[in-house]
Protein chains: 2
Amino acid sequence: MFNISKEDYLRVIYKNYTAGSLVTATVIADKLNVSNAAVTDMLKKLAKEKLIKYIPYKGVELLQKGMELAISLVRRHRIWETYLYKIIGLPLSMVDSEAENLEHSSSDELINRLEEILGYPEFDPHGDPIPSKKGILPKKKKSIPLSELEVDEQGAVLRVNDDSDEFLEHLTKLGIELNRKIKVVERRSFDNSLLIEVHADAPLRGKKEHSISEKYAKNIFVEVKSKK
Amino acid sequence: MFNISKEDYLRVIYKNYTAGSLVTATVIADKLNVSNAAVTDMLKKLAKEKLIKYIPYKGVELLQKGMELAISLVRRHRIWETYLYKIIGLPLSMVDSEAENLEHSSSDELINRLEEILGYPEFDPHGDPIPSKKGILPKKKKSIPLSELEVDEQGAVLRVNDDSDEFLEHLTKLGIELNRKIKVVERRSFDNSLLIEVHADAPLRGKKEHSISEKYAKNIFVEVKSKK
DNA sequence: CAAAATATTTAAGCGCACTTAAATTTTATT
DNA sequence: AATAAAATTTAAGTGCGCTTAAATATTTTG
Ligand SMILES: [Mn+2]
Ligand SMILES: [Mn+2]
Ligand SMILES: [Mn+2]
Ligand SMILES: [Mn+2]
């Protein structure tokens with residue numbers, strides 16, 4: 001509701017910041033698909049509004065006000081993703097791009113109502129934390145990439161990378177979603193691909209075996225459960 | 001998804017067109033809260049794209065392509081209004097402004113899914129017709145303003161004017177919504193205000209009397225039901 | 001540590017959607 | 001039919017978010 005472009009810049013800065021190191025212009029330009037010159041322009045505007053700290057040639061980080069706006073946007077984004085997935089029934093691979101638009105066009109009243117309907121969820125369908133009305137993030141549970149599980153270990157899916165639609169679409173085909181239990185049956189050391197067993201939903205009690213590449217396994221994060 | 005500004009111009013032209021007479025620049029400027037000069041600018045662009053027929057100094061009307069886009073937007077708008085009202089539970093006075101934003105930010109897939117969840121409704125919460133996927137409008141039922149009912153006549157609400165939020169908010173307070181039966185108990189010829197009886201929902205079986213001004217009565221449209 | 005490679009900023013310019021003020025056309029009035 | 005009033009268009013200009021090309025700063029590397 002603020003300004004679509006500025007909100008998008010703030011979200012990218014938020015999502016790409018890691019303590020200690022500034023977010024560079026190139027990273028922002030890449031994620032938003034605009035030129036570096038456009039980024040420099042916008043960073044100057046955001047800095048003038050005291051939303052970010054901008055150190056020329058070095059990068060930026062969010063200031064208090066910018067952080068609040070970014071978290072509000074992330075909240076809108078993740079609540080929409082959760083609603084689209086759980087209530088509307090859109091496929092996981094579609095919710096990000098849809099939420100990308102809706103997040104800029106929803107009143108706080110609407111977002112709060114969606115949150116209420118969902119029962120105040122803590123995580124979105126990718127396993128990312130949903131900020132509360134006050135901007136507080138739930139604690140993330142500790143997770144490791146599926147690629148690091150040993151053979152015969154199993155874990156529940158805690159988070160999946162939300163960067164690629166193709167990746168998410170394939171996960172859906174394999175029956176992989178949040179909380180699903182996965183066991184590593186076999187590791188082929190030639191290419192580090194895995195044979196995994198995806199446990200089905202309770203009612204069906206079945207399991208399915210699938211082969212996945214190392215790259216896939218590196219983008220699925222599981223909570224270690226137990227040896228077997 | 002096309003272009004927010006252009007879509008808004010097309011919607012205004014669509015909603016303010018009545019067969020035979022063109023939509024003037026002033027009407028558009030009024031509804032969109034922009035200057036006449038801005039309207040002239042945009043009308044030239046829309047005409048160049050063959051979306052409208054623009055006759056300088058006279059006005060505009062939609063051409064085939066513009067009509068299709070306008071109807072698609074109206075569809076998105078009214079499906080959102082219906083969803084927000086019936087499923088999300090937003091108050092009637094809020095759904096128009098919320099839908100005004102969401103209509104530009106929703107994929108066809110999402111809109112179709114909402115329509116499906118709603119069970120393919122024919123009318124939005126103001127009683128306005130919802131165009132189908134193919135752009136076909138359901139037939140409107142014949143209605144007259146409540147102000148034209150005679151004393152002791154009653155009718156079901158078929159449509160309410162969606163122009164004023166304050167008006168809609170007050171209707172909600174009076175318990176007036178679509179399909180609600182209203183009987184005219186008394187007309188005061190001094191100011192043409194009415195004493196009406198609003199029939200409650202089936203389960204409660206109650207009725208409530210309210211006094212409303214002529215202006216209110218002129219913006220509520222009912223289907224004539226029967227003399228009593 | 002100087003040269004080369006890379007990243008970033010500056011400069012100039014564009015299309016969009018708007019503004020106000022002036023010019024022009026249409027419509028209403030006498 | 002001439003004139004006054006109202007509506008509309010034209011003209012000139014603005015801020016926004018973007019582009020490409022050139023200039024400059026930083027980082028890498030031989
Ligand atoms: Mn997302
Ligand atoms: Mn997400
Ligand atoms: Mn509406
Ligand atoms: Mn409506």
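This structure is a prediction, so every number in the text was calculated from the model and none was measured. Below, each value reflects all heavy atoms present in this structure, side chains not excepted, and no hydrogens, waters or symmetry copies. By convention in this document, chain letters (A, B, ...) are assigned in the order of the sequence lines, proteins followed by strands, and residues within each chain are numbered from 1.
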Validation: residues 34-44 of chain A side-chain donor-acceptor distances under 3.5 Å, sequence neighbours left out:
residue: A:S35; atom: OG; partner: A:A38; partner atom: N; Å: 3.2
residue: A:T40; atom: OG1; partner: A:N36; partner atom: O; Å: 3.2

Query - Results of ring-ring contact (aromatic ring centres under 6.0 Å, His included) for B:Y17 - residues two or more places apart only - result: none
Requested in this report: Give every residue pair that meets the salt bridge (charged side-chain N to carboxylate O under 4.0 Å, His left out) criterion with at least one member in residues 63-75 of chain B, sequence neighbours excluded.
Outcome: B:R75-B:E115
Query - Stretch residues 9-17 of chain B: residues that reach within less than 4.0 Å of DNA chain C through a heavy atom - result: B:Y9
What nitrogen or oxygen pairs link the protein and nucleotides 2-4 of chain D at under 3.5 Å?
none

Report task. Specify the separation, in whole Å, of atom CG of A:L22 and atom P of D:dT27. Result -> 11 Å
Report task. Determine, step by step, whether B:L22 and B:Y54 satisfy the side chain to side chain contact (heavy atoms under 4.5 Å, CB included) criterion, reporting the C-alpha distance in whole Å, the side-chain angles of both residues, the deciding distance to 0.1 Å, and the verdict. Result -> CA-CA 9 Å; B:L22 300 175; B:Y54 170 42; over 6 Å; no
Requested in this report: List in numerical order all residues of residues 27-42 of chain B for which some heavy atom is under 4.0 Å away from an atom belonging to DNA chain D.
Outcome: B:N36, B:A37, B:T40
Report summary line: Taken to the nearest whole Å, CD1/B:I4 to C1'/D:dC16 is 15 Å
Report task. I would like to know whether A:R76 and A:E7 meet salt bridge (Lys or Arg N to Asp or Glu O under 4.0 Å); could you show each step before the answer? Result -> CA-CA 11 Å; A:R76 280 175 270 151; A:E7 284 194 334; 3.1 Å; yes
Report task. Not counting sequence neighbours, which residues clear side chain to side chain contact (heavy atoms under 4.5 Å, CB included) with B:N33? List them please. Result -> none
Query raised in the report: Quick one: do the B:N3 and B:H104 side chains pair a donor with an acceptor below 3.5 Å?
Result: no
Query - Residues which pass ring-ring contact (aromatic ring centres under 6.0 Å, His included) with B:Y216, listed by chain and number, not counting sequence neighbours - result: B:F167, B:H170
Query raised in the report: Between C:dA17 atom C1' and A:N3 atom CG, what is the distance in whole Å?
Result: 14 Å
Query raised in the report: salt bridge (charged side-chain N to carboxylate O under 4.0 Å, His left out) with A:E49: which residues, sequence neighbours excluded?
Result: A:K6
Requested in this report: Could you walk me through whether B:T82 and B:R78 pass side chain to side chain donor-acceptor pair (under 3.5 Å), step by step?
Outcome: CA-CA 6 Å; B:T82 311; B:R78 291 181 184 164; over 6 Å; no
Requested in this report: Mind running side chain to side chain contact (heavy atoms under 4.5 Å, CB included) on A:D8 and A:E103 for me, showing each step along the way?
Outcome: CA-CA 10 Å; A:D8 280 334; A:E103 64 188 3; 3.8 Å; yes
Query - Sub-4.0 Å heavy-atom contacts from residues 44-59 of chain B onto DNA chain D, ordered by number - result: B:K44, B:Y54, B:P56, B:Y57
Report summary line: Applying ring-ring contact (aromatic ring centres under 6.0 Å, His included) to B:Y14 and not counting sequence neighbours gives none
Counting only pairs under 3.5 Å, give me each side-chain donor-acceptor contact of residues 124-139 of chain B, with atom names and distances, residues two or more places apart or in other chains.
residue: B:D124; atom: OD1; partner: B:H126; partner atom: N; Å: 2.7
residue: B:D124; atom: OD1; partner: B:G127; partner atom: N; Å: 3.0
residue: B:D124; atom: OD1; partner: B:D128; partner atom: N; Å: 3.0
residue: B:H126; atom: ND1; partner: B:E81; partner atom: OE1; Å: 3.1
residue: B:S132; atom: OG; partner: B:K134; partner atom: N; Å: 3.2
residue: B:S132; atom: OG; partner: B:G135; partner atom: N; Å: 3.4
residue: B:S132; atom: OG; partner: B:I136; partner atom: N; Å: 3.1

Requested in this report: Round to a whole Å and report the spacing from CD of B:E7 to C1' of C:dC16.
Outcome: 16 Å
